[in-house]
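One structure is given here, and the rest of the page talks about it.
Counting starts at 1 for both ligands and their atoms, in listed order. Starting from 1, each residue takes its place in the sequence as its number. What you see below is based on every heavy atom in this structure, not just the backbone, and it leaves out hydrogens, waters and symmetry mates.
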Amino acid sequence: MNRFWGSYRPQVYFGMRHKGQKSLITGLMWFANDNTNGQIQIRHECSMADKLPKYGWYSHDGSSYGRQQITDFGYEIKTDFVTRSIGDYGGDWSVRISSSILPGSPKNREITLIFYVGQEGTGELFPELDDDYNFTGITGNSNRLKNFKIAFRTASSSQNIKLRRYLSTNTPYFYSMKEFVSANMRPIKSERNVRYYGLFDGRPTNDPTKSLADNLILYQVTGRIPIEFEIIYESQAADNVRAYPVLDNALTHLIKTRQEEFNKKFEEKFKLGASGFNNDYIQFGKAALSSTLGGIGYFHGESKVISEFFKDATDYFEAPLLTGTPSRSFFPRGFLWDEGFHQLLICKWDLDLSMEIIAYWLDLINAEGWIPREQILGDEARSRVPAKFIVQNNRIANPPTLMLALHSIQSELEAKNKKLSKEHRLYFQLLFPKLHAWFNWFNSTQRGNIPGTFRWQGRSEEAVNELNAKTLASGLDDYPRASHPSVAEAHVDLRCWMTAFVGYMHHLAVTVDKRKEAIYYARQFVSLSDVLELDRLHWSPRTETYCDYGNHTKYVKLKKVLNAQGQVLYTRRVVSSKKGPSLRFVHHFGYVNLFPFLMHLLPASSTNLKKILEDLSKPELLWTDYGLRSLAKTDTFYFKWNTESDPPYWRGPIWINMNFLVVRALHFYRSVKGPYKEVANDLYIKLRNNVVNTVFKEYQRTGYFWENYDPQTGKGQGAHPFNGWTSLVLLMMAENY
Ligand code: 6A9
């Protein structure tokens, strides 16, 4: 089976697992033995608190090969893996972990590398020892894998190795592995400034779980950098077809071959070399793609949800999910609208992989047609999220970006073959009813009161301590909307998402021969794509911008008040006696106001398009040398905090997903005939340049891709690494939208 094993644990610096509810899970930990001050600093889960100068995947093909470089202080760790699908039980893999001193850094450093293998489900693990009782590897079995063998090899630089130890035990603590290891590391000796710590070396005789079979084996190697070791997993079911073990020179050779294949395919797909990018940019492009692919995780479990039917949080159905993740360190899990952006990139590299991931997502749909926005599946995922953020509400949407990716996939397939193959047709046939249910869920639950309008659910009228009640469903969390949430609200971004959605659904219904549905979507499309209607509902003649509509006044502030107990609180107050809230256009200006343009809904001759293009280029509004700000510099909410502990998020910073949509729309309007073609072209060239260079420069300066960028300085901020949608910079370089 293809893509059975993979680096599907993006939340740890390195770990392999396989698909399936319970996996054999493996992972890497390390620490420096000098510099410990009696306290070892174990690296394991990706964490911004580790403050590592740099880490990420430099090459990764999304299925059978990856190379990661992790820069720690003074030294570097490399993790390489290759998988091979041979035999009937998932195939083999080999991993090489190597360490080296960074150029110019002190030599003679000593580190400890630990690699662990744990059995989540039922099955057995046995340590293998040689005649001198040295640990050499593991044998084991599980239902899914049948029999397997794992060899640990340190031969290539053994003169540097000071200590080898292992621990074999039974534990339920897979998801607090670092604490488990700290508790089981004992000081052994000190030599000059180096302290040695070791695992028990065997199974502790006083182990309270000793009557239980081992489900966790850890292997430790301590020594002077450079040390390296290899872990070779072999499925016994492949013994007859495996010509030789992939270790040592064979492994080096295979890594080299896969690396060359990766480089070749990368140039074929993105043509950066051919379009004149220099080597630094090409490496940067490869890192963008590879870190997105290396960010793919496999999760299994159930969401916690509430709904009108279940007032108390209950478990959603249990399900697996293969998905990209926005940030390995800070939110290593699936997010619905992020995923559409991830797949826009991934499908340009590997259509099959993208189609597989989207299918997993659509399988999460429930009988109502809802897909939870944030996927916190399983104990490991839950262990990373504060309790109050875990519960998902079945009224809350998130933009249907997956259809952008599906559209891109379908176009790609059709461009290649004119007609879809049988297999691909079947794929879309199977997806269709789910997408149809999803669309109907949107269309019924997110309708506005005024015909033809839509409203993101979930803005709380009670959120009076917020300057503006958040709209988490929209994905643009604190982007300002009507000051006083009400059922009268109409959100222009949502109407545009819905228009694009029906457009795509119509296309798809025709492709899979769903006549009745095709007519249904055609009708919907005719009414939603009517620009006069859009203008009537959302075009404000006063500001000449597309706007939300709702119960609104711009005269609101957060005011300090004392409650009955004398505590200081902040509440939202109307600060003008004359200008209380009333039903009107919401005159903020930023990303939301661009949506008719972003979804290509305006005719090329539209004077509203002309106005949007003019507004785009104004430095006092959104334009900066680094990309487009989320909110106009002149907006009353520009860089305003939402509460005293909630800093501005979509109120100024530059976000790459939205800049991508703008660049893509400019590309669209520069390519179709019309009076504003030249203007669009000019802006396209400038904006593309600005965005690419901002993300590139920050990558060079800091080693990371970032969640968003400061419009004043262009500096990256927020979660990092962020190889969710920031990686779309690669498609901008390739001009492949
Ligand atoms: C907070 C912290 C250890 C916010 O990229 C994912 C989402 C986007 O979908 C959304 O548009 N991000 C954007 O506004 C990040 C959301 C992170 C929430 C988790 C818990 C965990 O603490």
Side-chain angles (χ1 to χ4, degrees), residues 10-12 45-50 175-176 178 291-292 295-297 299 303-304 321 323-345 361 371-377 380-393 396-402 404 456 458-459 466 468-481 491 493-494 497 590-592 595 598 630-631 642 645-661 704-709 716-728:
Q11 65 275 33
V12 296
E45 285 189 335
C46 299
S47 161
M48 296 200 286
D50 288 341
Y175 311 119
S176 44
K178 182 165 159 176
S291 291
T292 303
I296 293 173
F299 304 90
S303 297
K304 281 223 175 294
L321 178 64
T323 180
T325 54
S327 173
R328 290 174 60 194
S329 59
F330 206 50
F331 13 96
R333 49 185 173 275
F335 287 82
L336 180 53
W337 91 304
D338 296 63
E339 201 52 31
F341 289 108
H342 302 163
Q343 294 314 321
L344 278 169
L345 171 61
W361 269 95
I371 305 176
R373 178 172 61 102
E374 184 173 352
Q375 295 289 333
I376 309 165
L377 307 179
E380 182 163 20
R382 277 190 198 170
S383 74
R384 303 286 300 257
V385 186
K388 66 171 177 176
F389 294 121
I390 290 182
V391 178
Q392 304 287 304
N393 181 316
I396 307 297
N398 210 203
T401 53
L402 289 177
L404 296 181
W456 296 113
R459 297 195 70 212
E466 295 179 17
N468 190 265
K470 281 193 183 167
T471 319
L472 294 174
S474 72
L476 310 172
D477 305 9
D478 64 339
Y479 186 95
R481 308 283 182 157
H491 296 127
D493 51 337
L494 183 51
W497 283 120
Y591 291 161
V592 161
F595 266 81
L598 297 184
S630 36
L631 194 62
N642 202 38
S645 56
D646 203 357
Y649 201 34
W650 294 85
R651 294 184 181 171
I654 296 166
W655 292 80
I656 305 307
N657 60 335
M658 287 294 133
N659 275 274
F660 171 80
L661 291 180
Y704 293 107
F705 292 77
W706 294 78
E707 187 178 11
N708 55 57
Y709 294 83
Q717 46 187 25
H720 59 279
F722 189 98
N723 287 95
W725 55 47
T726 302
S727 296
L728 286 169

Side-chain ion pair, R333 and E374, N-O less than 4.0 Å: yes
Pairwise, report which nitrogen or oxygen atoms of ligand 1 are under 3.5 angstrom from protein nitrogen or oxygen atoms, and how far apart they are.
from: ligand 1; atom 1: 5 (O); to: D338; atom 2: OD2; distance (Å): 2.7
from: ligand 1; atom 1: 9 (O); to: W337; atom 2: NE1; distance (Å): 3.1
from: ligand 1; atom 1: 9 (O); to: D338; atom 2: OD1; distance (Å): 2.6
from: ligand 1; atom 1: 11 (O); to: W337; atom 2: NE1; distance (Å): 2.9
from: ligand 1; atom 1: 11 (O); to: G475; atom 2: O; distance (Å): 2.5
from: ligand 1; atom 1: 14 (O); to: G475; atom 2: O; distance (Å): 3.3
from: ligand 1; atom 1: 14 (O); to: D477; atom 2: OD1; distance (Å): 3.0
from: ligand 1; atom 1: 14 (O); to: D477; atom 2: OD2; distance (Å): 2.9
from: ligand 1; atom 1: 14 (O); to: W650; atom 2: NE1; distance (Å): 2.9

Any donor-acceptor N/O pair, T325 side chain to G295 backbone, under 3.5 Å: yes
N468 side chain to R459 side chain, donor-acceptor N/O pair below 3.5 angstrom: yes
Sub-6.0 Å ring centroid separation between Y479 and W650: no
Main-chain N/O of V12 paired with R328 side-chain donor or acceptor, under 3.5 Å: yes
Carboxylate-amine/guanidinium contact D338 R373, below 4.0 Å: no
